Chemist: 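Could you have a look at this structure, given as structure tokens, before my questions?
Bear in mind the structure is a predicted one, so any value in this text is a computation, not a measurement.
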Number of protein chains: 2
Amino acid sequence: MLKTKRSDTRNDVRREALRLFSENGYAAVSMRDIAEAVGIRQGGIYNHFASKQDLLADLMTGHMETLIEALNEALSDVANPVARLQAFVRFHVGYHIDKPDDVFIAYMELRSLEPDHRERLHTLRDRYEGVLRDILTEGAVHGLFRIPDVAVQTRAIIAMMTGVTVWYREGGRLGRRDTMESYVQMTMQSVGLIEPAGGERQCSIKP
Amino acid sequence: MLKTKRSDTRNDVRREALRLFSENGYAAVSMRDIAEAVGIRQGGIYNHFASKQDLLADLMTGHMETLIEALNEALSDVANPVARLQAFVRFHVGYHIDKPDDVFIAYMELRSLEPDHRERLHTLRDRYEGVLRDILTEGAVHGLFRIPDVAVQTRAIIAMMTGVTVWYREGGRLGRRDTMESYVQMTMQSVGLIEPAGGERQCSIKP
DNA sequence: GCAATGAATGAACGATCATTCATTAAGCCG
DNA sequence: CGGCTTAATGAATGATCGTTCATTCATTGC
């Protein structure tokens with residue numbers, strides 16, 4: 001602790017605001033609440049963020065950019081649609097387990113953003129969903145998946161996976177790895193492809 | 001209009017509060033906002049509801065009780081697990097399409113409830129989820145479904161279906177019926193059972 | 001050591017919050 | 001008409017909201 005001396009208050013504010021927004025919602029958290037959690041007075045926050053709205057926008061865009069970058073990394077060297085879909089599920093579930101607060105406010109507080117910020121976030125979300133949509137489309141075209149409607153299934157899979165944040169708890173019955181693999185299997189089955197997991201069951205795709 | 005004369009203000013308040021809470025969140029909506037939407041002054045609401053908190057609790061419990069009753073109705077004369085699962089999906093998706101606001105605040109505003117109300121709602125939600133869990137359990141026991149973890153899959157399916165509220169719009173590309181059937185197919189596939197929809201594909205369950 | 005800088009303070013601002021209440025108005029039953 | 005009930009009013013309450021700002025303080029570069 002010789003160079004961290006000077007003020008990581010900015011990140012402290014980020015961290016506490018994220019936690020409080022996630023717990024109580026943006027509108028229900030006051031700047032005083034955040035300041036108190038950080039250990040400063042309310043006025044001090046404005047040395048680091050121009051407004052409450054800016055603070056929220058900072059958290060949300062920061063999260064989405066990190067998320068997309070990490071996704072690209074996770075899929076960079078995976079080629080065929082089946083493997084890419086599995087990798088996507090593992091990444092999404094794992095990320096949501098690790099950063100439930102980031103993910104929760106990015107989903108929930110879009111409506112608390114003023115129009116320009118909201119539109120920016122919406123674009124980022126579309127970009128993320130687009131990756132999954134492309135995987136499903138490619139798999140469907142190659143006859144690997146049985147998908148009634150790619151757009152609907154894209155959103156269905158994302159909603160299903162994102163729900164992990166509702167129930168997953170560290171130290172719970174299911175560990176991180178088991179949870180990820182459960183979602184992988186459910187997802188693969190949901191697109192009509194059954195993994196020959198135990199070897200005893202198989203799905204006859206095509207005649 | 002001869003007997004509706006006297007004041008259905010109470011229901012007007014319910015309707016507008018529901019809409020505003022759903023649009024902006026409980027904490028971001030003031031009693032003045034609600035009163036203005038109804039067409040009265042802020043004090044008038046207190047002739048019908050004891051507090052803002054009571055108003056929210058009334059909306060949420062009212063919704064959950066209606067939901068559960070309607071579910072029981074929808075499943076009352078359906079026997080085998082496969083048909084019951086299909087009926088559950090059709091019911092859930094249909095209900096969520098018809099009453100997106102009710103459903104959204106029941107999901108989102110649990111945290112805005114004081115502990116006693118919240119616990120009550122939590123019990124109702126567990127009862128609802130329990131119906132699906134029982135269906136999945138029975139189907140798995142009979143070897144009809146291929147489910148890695150019944151508890152996880154229960155929540156996964158509910159999260160997947162509930163997501164319909166995010167994108168479904170009346171008059172959109174997919175109609176109500178088509179949407180329901182898309183979710184039916186995705187759900188049936190997700191539990192490892194493939195409907196012989198066109199007849200050309202089949203899943204060999206068990207040797 | 002001294003000036004410059006970044007950060008925290010704490011009081012103050014106008015606005016808005018949920019809620020209360022005495023008062024007024026209006027429909028209902030006799 | 002007259003008494004009774006129900007509902008709406010609008011002003012007032014104290015609390016809390018996001019934000020501003022003059023001031024203080026500690027650290028840093030020179």
Side-chain angles (χ1 to χ4, degrees), chain A residues 1-60 105 109 111-118, chain B residues 1-60 105 109 111-118:
Chain A
M1 59 166 76
L2 73 163
K3 222 34 185 312
T4 2
K5 190 65 170 299
R6 205 189 226 295
S7 150
D8 41 356
T9 304
R10 191 180 170 85
N11 276 326
D12 291 348
V13 171
R14 277 205 187 90
R15 177 170 33 81
E16 295 304 317
L18 179 70
R19 185 177 60 80
L20 289 169
F21 287 164
S22 168
E23 275 176 19
N24 309 108
Y26 173 76
V29 174
S30 71
M31 295 297 262
R32 284 172 176 82
D33 293 335
I34 300 169
E36 189 182 10
V38 174
I40 59 177
R41 305 308 147 241
Q42 75 258 22
I45 298 181
Y46 291 86
N47 291 321
H48 306 281
F49 297 95
S51 68
K52 191 186 178 189
Q53 176 74 204
D54 268 27
L55 174 52
L56 176 63
D58 175 281
L59 292 176
M60 292 178 67
I105 72 159
E109 300 296 355
R111 65 180 173 196
S112 301
L113 285 178
E114 285 151 13
D116 48 342
H117 284 141
R118 176 162 45 212
Chain B
M1 57 167 74
L2 74 164
K3 221 36 186 307
T4 2
K5 191 65 171 298
R6 207 196 223 292
S7 148
D8 41 356
T9 305
R10 192 179 170 84
N11 276 326
D12 291 348
V13 171
R14 277 205 186 89
R15 177 169 34 79
E16 294 304 318
L18 180 70
R19 185 177 60 80
L20 289 168
F21 287 164
S22 168
E23 275 176 19
N24 309 109
Y26 174 76
V29 175
S30 71
M31 294 298 260
R32 280 177 174 81
D33 293 335
I34 300 168
E36 188 182 9
V38 174
I40 59 177
R41 305 307 147 245
Q42 75 257 21
I45 297 180
Y46 292 87
N47 291 321
H48 305 282
F49 297 95
S51 67
K52 190 186 178 188
Q53 175 76 204
D54 267 27
L55 174 53
L56 176 64
D58 175 280
L59 292 176
M60 292 178 68
I105 71 159
E109 300 296 355
R111 66 181 174 194
S112 301
L113 285 177
E114 285 151 13
D116 50 341
H117 283 142
R118 176 162 44 210

Chemist: If you compare all heavy atoms of B:Thr9 against all heavy atoms of B:Ile40, which two are closest, and at what distance to 0.1 Å?
Modeler: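 Shortest heavy-atom contact: CG2-CD1, 4.2 Å.
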Chemist: Would you list the pairs meeting salt bridge (charged side-chain N to carboxylate O under 4.0 Å, His left out) in which at least one residue belongs to residues 43-60 of chain B, sequence neighbours left out?
Modeler: B:Arg14-B:Asp58
Chemist: Just grab all the ring-ring contact (aromatic ring centres under 6.0 Å, His included) pairs involving residues 8-39 of chain B, residues at least two apart or on different chains.
Modeler: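 Sorted result for residues 8-39 of chain B: B:Phe21-B:Tyr26.
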Chemist: How many angstroms lie between CG in A:Asp12 and CD1 in A:Ile45, if you round to the nearest 0.5 Å?
Modeler: 11.0 Å
Chemist: I need the minimum non-hydrogen distance between B:Ile34 and B:Leu20, along with the two atoms involved.
Modeler: CA-CD1, 3.8 Å
Chemist: Rounded to whole Å, please give me the gap between CG in A:Asn47 and P in D:dT20.
Modeler: 12 Å
Chemist: Please identify each residue that fulfils side-chain contact (heavy atoms from CB on, under 4.5 Å) with A:Asn47, with sequence neighbours left out.
Modeler: none
Chemist: Are A:Arg41 and C:dA8 close enough that a side-chain N or O sits under 4.0 Å from OP1 or OP2?
Modeler: no
Chemist: Looking at B:His48, does any N or O in its side chain come under 4.0 Å of the phosphate oxygens OP1/OP2 on D:dA8?
Modeler: yes
Chemist: Once you round it to whole Å, what is the distance between C1' of D:dA7 and CG of B:Asp8?
Modeler: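 One finds 13 Å between C1' of D:dA7 and CG of B:Asp8, rounded.
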Chemist: Just the rounded figure in Å: distance from P of C:dA8 to CZ of A:Phe49.
Modeler: 12 Å
Chemist: I'd like to check the side chain to side chain donor-acceptor pair (under 3.5 Å) partners of B:Arg118; sequence neighbours left out, ordered by chain and number.
Modeler: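 Partners of B:Arg118 by the side chain to side chain donor-acceptor pair (under 3.5 Å) criterion come out as none, since no residue qualifies.
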Chemist: With rounding to the nearest 0.5 angstrom, report the CD to CD distance, B:Glu114 to B:Gln53.
Modeler: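 The distance works out to 3.5 Å.
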Chemist: What is the distance, rounded to the nearest whole Å, between atom CD of A:Glu36 and atom C1' of D:dC17?
Modeler: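 From A:Glu36 CD to D:dC17 C1': 15 Å.
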Chemist: Within residues 11-22 of chain B, which residues have any heavy atom lying less than 4.0 Å from an atom of DNA chain D?
Modeler: none
Chemist: Give every residue pair that meets the salt bridge (charged side-chain N to carboxylate O under 4.0 Å, His left out) criterion with at least one member in residues 24-49 of chain A, sequence neighbours excluded.
Modeler: none
Chemist: Each nucleotide in nucleotides 11-21 of chain C should get exactly one letter: B, S or -. Can you fill that in based on protein heavy atoms under 4.0 Å?
Modeler: BB----BBBB-
Chemist: Rounded to the nearest 0.5 Å, how far does CG of B:Leu56 lie from CD of B:Glu109?
Modeler: 6.5 Å
Chemist: If a pair satisfies salt bridge (charged side-chain N to carboxylate O under 4.0 Å, His left out) and one of its residues is in residues 17-28 of chain A, list it, with sequence neighbours excluded.
Modeler: A:Glu16-A:Arg19, A:Arg19-A:Glu23
Chemist: Whole angstroms only, please: what is the CZ-P distance between B:Arg10 and D:dA7?
Modeler: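 Result: 9 Å.
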Chemist: List DNA chain D stems (3 or more consecutive Watson-Crick/G-U pairs, under 3.5 Å)?
Modeler: C:1-27 with D:4-30
